[in-house]
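The structure under discussion appears below in the form of structure tokens.
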Amino acid sequence: MKIYNTMTRKKEEFVPVEAGKVKMYSCGPTVYNYFHIGNARPFLFFDVVKNYFRYIGYDVTYVQNITDIDDKIINKANEEGIPFEKVTEKYIKAFLDDIKALGIVGADIQPKATDVIEEIIAFIDKMVEIEAAYAVNGDVYFAVDKLPQYGSLSGRKLEDMQAGARIQENTQKRNPYDFTLWKASKPGEPKWDSPWGEGRPGWHSECVVMSCANLGETFDIHGGGIDLVFPHHENELAQAYAVNKKPLCNYWMHNGFINIEGEKMSKSLNNFFTLRDVLKKYDSEAVRFFFLSKHYRSPIDYNTGILDESEKAVKNFYKALEKVDYLSFADESYEVSDALVKFKDKFVKAMDDDFNSAIAIATLFDLAKIVGKASEDMQLRKDAAHLMVELGRVLGFFADIETKLSNDMNQISESLINLLITYRNDAKKDKNWVLADRIRDDLLALKVQLLDTKDGTVYKLL
RNA sequence: GGCGACAUCGCCAAGUGGUAAGGCAGAGGUCUGCAAAAUCUCCAUCCCCGGUUCGAAUCCGGGUGUCGCCUCCA
């Protein structure tokens with residue numbers, strides 16, 4: 001198992017802190033809005049990471065935080081003139097609904113920042129105590145100068161950063177790169193008591209507190225979007241070094257960005273799509289296919305055509321399963337036969353190589369080809385179907401296979417269609433092509449497609 | 001200015017020294033009253049130049065182009 005580690009900029013063999021166990025953390029949403037497809041990428045990807053580790057036998061603990069106190073949330077609350085809790089309540093629910101709609105199982109532990117304020121205060125207090133941080137007028141800042149390791153994750157040196165960076169003047173800070181740990185509250189803002197007065201925690205401390213509390217001071221994997229490398233993750237790491245004197249985690253994983261039609265997604269360009277809106281038009285598995293068909297570290301371009309293609313591709317998985325009537329034997333046990341073991345190997349090898357999901361998906365197509373091939377041995381086709389579903393589920397596909405494959409047509413309409421097929425066959429016998437075609441076309445308009453096969457006419461619901 | 005990523009068939013996308021996976025689209029055959037479906041088959045030498053090597057899409061150098069981070073944006 002190899003993982004690309006942002007810290008070292010190379011693929012490294014994965015060695016867990018504790019044998020047989022994986023402790024992973026990924027940065028969750030700030031709940032002030034519906035999340036967009038860019039946010040969806042890490043949510044989906046790290047869920048697959050978790051699935052895969054479980055699949056190959058690890059005992060996984062996956063923690064993902066919810067940031068429910070933050071400037072953006074306060075701004076939103078002020079805009080709408082409601083308490084910030086109303087904002088977070090609404091968007092936490094939306095977050096949970098949306099990831100579920102995308103087929104994301106979710107984290108084992110999902111702590112909220114406001115649930116651990118006491119712990120965050122204690123953590124910041126410790127930094128002040130050891131002089132890794134300092135308080136000024138009710139604010140607390142982390143002193144980056146004190147930490148020689150600062151910049152090690154993002155590969156920057158403080159000297160380099162100073163040169164051309166556009167950092168707002170903040171005369172309270174000793175170094176412009178000192179970051180806020182605690183922020184004094186203004187009148188009317190949410191606040192908590194602290195040794196430095198009433199205020200609220202900055203963003204960077206909560207993740208350290210929540211990850212270490214649930215996973216230990218050094219855990220295995222910390223994930224998030226590539227943009228979080230600096231400053232967020234750099235700052236998390238800095239705090240962990242300062243207080244625990246050891247690295248926060250052994251492997252830093254970062255997913256690439258999503259562009260829209262070749263341009264950066266941004267609110268000013270108004271070119272972002274919420275997942276919620278995308279799922280109104282496209283099947284969730286098409287979205288999943290879109291993400292997983294490309295390596296997670298690559299930048300990925302979103303455009304309207306790409307999901308159409310993805311949707312067709314996913315449909316072919318189901319077409320193959322329909323051909324063998326998968327549901328009729330889905331519950332039967334099976335073994336990976338000698339003829340199929342190479343596909344499982346290919347899948348595992350691909351995923352072991354820094355989660356190469358593109359090849360993993362190709363394996364699914366390899367299997368779909370066998371499943372759908374009428375000339376193949378039926379037992380082989382069934383076994384291939386089982387394996388295809390087993391592997392597909394690791395990637396999050398086929399979660400709702402019963403619904404997808406079941407024909408919800410009721411008995412009456414089924415017999416009506418068969419009746420019309422009989423009429424059409426009579427018309428064909430009479431060479432009444434006009435009537436025959438009319439029946440076919442009219443049914444097509446009702447989303448019932450007639451197909452003339454060697455064995456007679458069959459129909460398909462579109 | 002500093003740091004970094006990427007450039008592979010019409011589109012999406014694997015590949016990290018041994019002679020280009022897969023998907024979508026497309027072409028042809030079979031089947032068919034027509035059509036669709038199904039099925040079989042076909043479909044790239046890897047941005048440019050130079051180097052290393054028996055051998056490079058893969059390594060090195062130089063171009064060109066695209067993009068990202070350095071603004072509490074995943």
Using the P atom as the reference point in each nucleotide, state the distance between rC54(B) and rG68(B) in Å, no decimals. 42 Å
Please determine whether a side-chain nitrogen of the Lys or Arg among Arg424(A) and Asp452(A) lies less than 4.0 Å from a carboxylate oxygen of the Asp or Glu. yes
Heavy atoms under 4.0 Å, any strand shown: does Ile258(A) hit a base, just sugar-phosphate, or nothing? base
Pair Arg288(A) + Asp283(A), salt bridge at N-O below 4.0 Å: no
When the distance from CG of Asp178(A) to P of rC72(B) is rounded to whole Å, what number comes out? 14 Å
C1' atom, rC48(B) versus rU64(B): distance in rounded Å? 7 Å
In whole angstrom, give the distance that lies between atom CG of Asn259(A) and atom C1' of rA7(B). 14 Å
Between P of rU16(B) and CG of Asp354(A), the distance in whole Å: 13 Å
Indicate yes or no: does Asp97(A) engage Lys93(A) in a salt bridge with an N to O separation below 4.0 Å. yes
Looking only at side-chain atoms of Lys183(A), point me to the closest of rC72(B), rA74(B), rG23(B). rC72(B)
Given side chain to side chain donor-acceptor pair (under 3.5 Å), test Asn316(A) with Tyr318(A) step by step and report yes or no. CA-CA 5 Å; Asn316(A) 284 332; Tyr318(A) 285 102; over 6 Å; no
Roughly how many Å is it from OH in Tyr150(A) to P in rC70(B), rounded to a whole number? 12 Å
Could you state the atom-to-atom distance from CG of Asn235(A) to P of rC70(B) in whole Å? 12 Å
Among rC69(B), rA74(B), rG4(B), the one nearest Phe230(A) by side-chain distance: rC69(B)
Report yes or no: is the ring centroid of Phe43(A) under 5.5 Å from the six-membered base ring centroid of rA74(B), with the two planes under 30 degrees? no
Using both distances under 3.5 Å as the test, list the Watson-Crick or G-U wobble partner of rA20(B), or none. none
Between Lys50(A) and Asp47(A), is there a side-chain N and carboxylate O pair less than 4.0 Å apart? yes
Glu311(A) CD to rC24(B) P, straight-line distance once rounded to whole Å: 13 Å
On a whole-Å scale, what distance lies between the P atoms belonging to rA74(B) and rC60(B)? 35 Å
OP1 or OP2 of rA74(B) versus the side-chain N and O atoms of Tyr296(A): is any pair under 4.0 Å? no
Quantified in whole Å, what is the C1' atom distance between nucleotide rG61(B) and nucleotide rC67(B)? 23 Å
Paired with rC9(B): which nucleotide, if any, by Watson-Crick or G-U wobble criteria at under 3.5 Å for both distances? none
Let's test this: given Watson-Crick or G-U wobble pairing with both distances under 3.5 Å, identify the partner of rA25(B). none
Rounded distance in Å between the P positions of rG23(B) and rC40(B): 12 Å
Just compare rC73(B), rC69(B), rC12(B) and give me whichever is closest to any side-chain atom of Asn39(A). rC73(B)
Nucleotide rG22(B), atom P - distance to CD1 of Ile359(A) in whole Å: 11 Å
Quantified in whole Å, what is the C1' atom distance between nucleotide rC31(B) and nucleotide rU41(B)? 15 Å
Salt bridge (Lys or Arg N to Asp or Glu O under 4.0 Å) partners of residues 357-371 of chain A, not counting sequence neighbours, each pair once: Lys346(A)-Asp366(A)
Listed nucleotide nearest any side-chain atom of His36(A), set rA74(B), rC72(B), rU16(B): rA74(B)
Applying side chain to side chain donor-acceptor pair (under 3.5 Å) as the test, list every pair that has at least one member in residues 63-73 of chain A; sequence neighbours left out. Tyr25(A)-Asn65(A), Gln64(A)-Gln110(A), Asn65(A)-Thr67(A), Asn65(A)-Glu206(A), Thr67(A)-Glu206(A), Asp68(A)-Thr114(A), Asp71(A)-Lys183(A), Asp71(A)-Arg200(A)
Would you tell me if any nitrogen or oxygen in the side chain of Asn356(A) comes within less than 4.0 Å of OP1 or OP2 on rG15(B)? yes
Nearest-nucleotide comparison on RNA chain B, the residue closer to the 5′ end among Asn303(A) and Lys312(A): Asn303(A)
Among rA21(B), rG22(B), rC69(B), the one nearest any side-chain atom of Phe365(A) is rG22(B)
Atom pair distance, as rounded to whole Å: CG in Asp139(A) and C1' in rC72(B): 14 Å
Under a 4.0 Å heavy-atom criterion, the protein footprint on nucleotides 27-38 of chain B, written with B, S and -, is ------BBBBSS
Presence of salt bridge, Lys281(A) and Asp308(A), under 4.0 angstrom: no
Now, which nucleotide makes the Watson-Crick or G-U wobble pair with rC34(B), with each of the two distances under 3.5 Å? none
Does a donor on one side chain and an acceptor on the other come within less than 3.5 Å for Tyr4(A) and Glu12(A)? no
On a whole-Å scale, what distance lies between the P atoms belonging to rA7(B) and rC47(B)? 8 Å
In the structure shown, which nucleotide is the Watson-Crick or G-U wobble counterpart of rG4(B), with both distances under 3.5 Å? rC67(B)
Using heavy-atom distances to pick each residue's nearest nucleotide on RNA chain B, tell me which of Phe289(A) and His204(A) is more 5'. Phe289(A)
Run the salt-bridge test on Lys11(A) and Asp353(A) with the 4.0 Å N-O cut-off and return the result as yes or no. yes
With rounding to whole Å, what would you report as the distance between rC12(B) and rG33(B) at their P atoms? 41 Å
